[in-house]
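Only one structure is covered here, and it is reproduced in the block below.
Below, chain A is the first sequence line, B the second, and so on; all start at residue 1. Just so it is clear, the model here is predicted, and its values are computed rather than measured.
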Number of protein chains: 2
Amino acid sequence: MMMAKRSNDLAEALRRVPLFSKVEPDDVVAMAEHVRELHVERGEILFQKGDQPHGFYILLEGRITLAFPSEQGTERILEVIKPGESFGEALMFLGQPYPIFSQAGVDSRVLDIPEEAITNLLDKDCRLAKRMLAGISIRLHELISNLEACSMRSSAQRVACMLQHAAPSAGTQEYDVQLPAAKHIVASQLNLTPETFSRVLHVLTESGLIEVSGRVIKVLNAEGLRKLQL
Amino acid sequence: MMMAKRSNDLAEALRRVPLFSKVEPDDVVAMAEHVRELHVERGEILFQKGDQPHGFYILLEGRITLAFPSEQGTERILEVIKPGESFGEALMFLGQPYPIFSQAGVDSRVLDIPEEAITNLLDKDCRLAKRMLAGISIRLHELISNLEACSMRSSAQRVACMLQHAAPSAGTQEYDVQLPAAKHIVASQLNLTPETFSRVLHVLTESGLIEVSGRVIKVLNAEGLRKLQL
DNA sequence: TCAAAACCTTGATATTCGTCAAGGTTTTTT
DNA sequence: AAAAAACCTTGACGAATATCAAGGTTTTGA
């Protein structure tokens with residue numbers, strides 16, 4: 001994990017992040033003074049469960065997973081962060097130790113925004129506060145959906161649900177889904193073992209609802225998937 | 001569900017809510033103009049899954065449960081709101097339909113804060129925005145814990161965890177826990193059937209870790225409970 | 001205070017999903 | 001291009017937890 005880049009480049013990068021797109025340019029420059037760019041290598045841990053948050057992060061490039069650890073290494077991946085997304089804001093506001101850990105899936109570039117840089121800005125710019133409220137609300141909504149899936153739905157329903165979310169538009173009956181990562185990663189996000197995920201795909205294929213070839217899943221009958229949800 | 005009280009009384013009630021305790025009195029009075037007090041009877045539904053949010057709520061008195069519905073009525077209770085707590089803020093900011101429904105467990109009094117009342121204030125008072133950020137962050141943190149419990153822990157571990165959270169202080173070995181509601185409500189919050197909950201309590205009793213009498217659980221060996229978590 | 005309703009427990013059984021193990025396939029590295 | 005590593009699938013099995021059913025207990029309320 002190493003530091004890089006001058007302040008000006010950082011200000012430029014920050015401006016491109018949706019969260020800060022409406023912030024006064026001067027304020028962004030001021031904030032950039034406190035921001036560092038980190039390079040995190042594949043497999044490297046950005047923060048551990050139990051670490052104290054000192055700010056939050058924005059992913060510029062690469063892929064970062066947030067996951068619950070487990071003794072036998074059977075981690076459960078909560079979320080896969082993609083470039084342009086921020087993470088860790090809520091834990092920063094709370095000031096409690098991280099309940100999850102974060103790890104780079106591939107070599108990644110991350111902005112580290114210290115708490116001071118943000119709290120100062122929040123006092124000046126209520127729009128930023130509203131944007132952060134919106135951002136955290138989205139997170140919260142996703143967590144609720146995740147929890148519902150986890151506690152109310154069977155494995156096949158969770159997979160079907162994921163495939164439906166990947167539909168290009170509401171009514172489409174046939175479409176291709178390109179899995180965003182290795183199957184075992186996707187399985188973990190659905191709170192499934194790779195074995196169960198594989199078996200579910202098998203069953204859905206047998207039923208003529210999908211066709212699988214590698215990481216591409218061809219949905220043949222979206223309506224049929226919907227019916228699984230009851 | 002009926003309306004009641006004059007504006008002045010509402011302003012008074014609002015001031016007592018932690019969220020608004022630092023807001024300028026004049027602003028609270030202005031906000032009170034738009035706020036209604038609702039009376040919700042036991043069993044009545046405040047909002048359904050799928051309804052469009054128009055604001056958020058603060059519970060003054062009573063008990064409100066937030067839950068996922070299910071066809072066969074085997075709902076899963078996500079959270080039990082207690083007096084003084086607010087709910088629905090995040091969904092208001094998102095403007096998406098409620099993913100859960102809310103129901104009064106007993107006759108309750110609720111403040112209905114429409115979106116306009118809050119968004120106006122947010123522009124004026126950044127401290128309120130920060131407080132709301134903190135409030136939503138807490139919610140988010142709880143959801144993460146809930147999801148972790150749900151996907152990483154066994155039934156006995158979830159029960160033990162709940163009993164640990166109810167400890168009066170960190171080190172105490174023996175203490176009484178008064179369940180906040182009927183056992184089947186508590187079971188649902190732990191994502192357990194009442195049957196499984198009952199059996200877990202039985203096992204913990206057999207192991208000499210607890211004693212159960214009605215809704216009071218006497219923890220005999222907090223250290224033993226902790227060891228269950230591994 | 002008695003009846004009804006809600007709540008809780010216990011047993012038998014079924015289902016879902018995870019674990020373990022082995023073999024095959026694809027991707028990466030040398 | 002070969003070797004190694006990572007990834008994926010399949011089968012046999014087991015464990016955890018839900019479901020169904022019945023009976024007991026407590027609470028509510030008429």
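Dashed line: the shortest gap from a side-chain N or O of A/Lys183 to OP1 or OP2 of D/dA6 is not under 4.0 Å. Distances shorter than 4.0 Å separate none of the side-chain N or O atoms of B/Ser155 from OP1 or OP2 on D/dA16. A sub-4.0 Å separation between OP1 or OP2 of D/dA18 and a side-chain N or O of B/Thr196 is present. Between A/His202 and the phosphate of D/dT9, there is no side-chain N or O to OP1/OP2 separation shorter than 4.0 Å. Phosphate proximity of D/dT17 to B/Thr193: absent, as no side-chain N or O sits under 4.0 Å from OP1 or OP2.
The separation between A/Leu204 atom CG and D/dT9 atom C1' is 15 Å, rounded to whole Å. Regarding B/Leu190, its CG atom lies at a distance of 18 Å from the P atom of D/dA16, rounded to whole Å. To the nearest angstrom, P of C/dT19 lies 17 Å from CZ of A/Phe197. For the pair B/Leu192 CG and D/dT19 P, the interatomic distance rounds to 12 Å; values are reported in whole Å. Distance, A/His184 NE2 to D/dT9 P: 12 Å, rounded to whole Å. D/dA18 atom P lies 18 Å from atom CZ of A/Arg153, rounded to whole Å. Note: CD (A/Glu195) to C1' (C/dT16) measures 15 Å, nearest angstrom. Atom CG of B/Leu179 and atom P of D/dT27 are 13 Å apart (whole Å).
Identified under the ring pair (Phe, Tyr, Trp, His ring centres under 6.0 Å) test for residues 45-80 of chain B, with sequence neighbours left out: B/Phe47-B/Tyr57, B/Phe47-B/Tyr98, B/Tyr57-B/Phe87. Applying the salt bridge (Lys or Arg N to Asp or Glu O under 4.0 Å) test to every pair with at least one member in residues 158-187 of chain A, sequence neighbours left out, gives these pairs: A/Asp176-A/Lys218.
For B/Arg215 against D/dT25, no side-chain N or O and base N or O form a donor-acceptor pair under 3.5 Å.
For the pair B/Ser86 and B/Ile58, the tightest heavy-atom approach, listed with the atom from each and the gap, is CB-CG1, 3.9 Å.
Counting only heavy atoms from C-beta on, A/Arg199 has its side chain closest to C/dG18 among D/dC7, D/dT17, C/dG18.
Each of A/Thr74 and B/Gly214 was assigned the nucleotide of DNA chain C with the nearest heavy atom; the assignment lying further toward the 5' end belongs to B/Gly214.
For A/Gln229 (side chain) and A/Gln157 (main-chain N/O), a donor-acceptor pair under 3.5 Å exists by modelled atom type.
Residues B/Glu75 and B/Ser70 fail the side-chain proximity criterion, which asks for heavy atoms closer than 4.5 Å.
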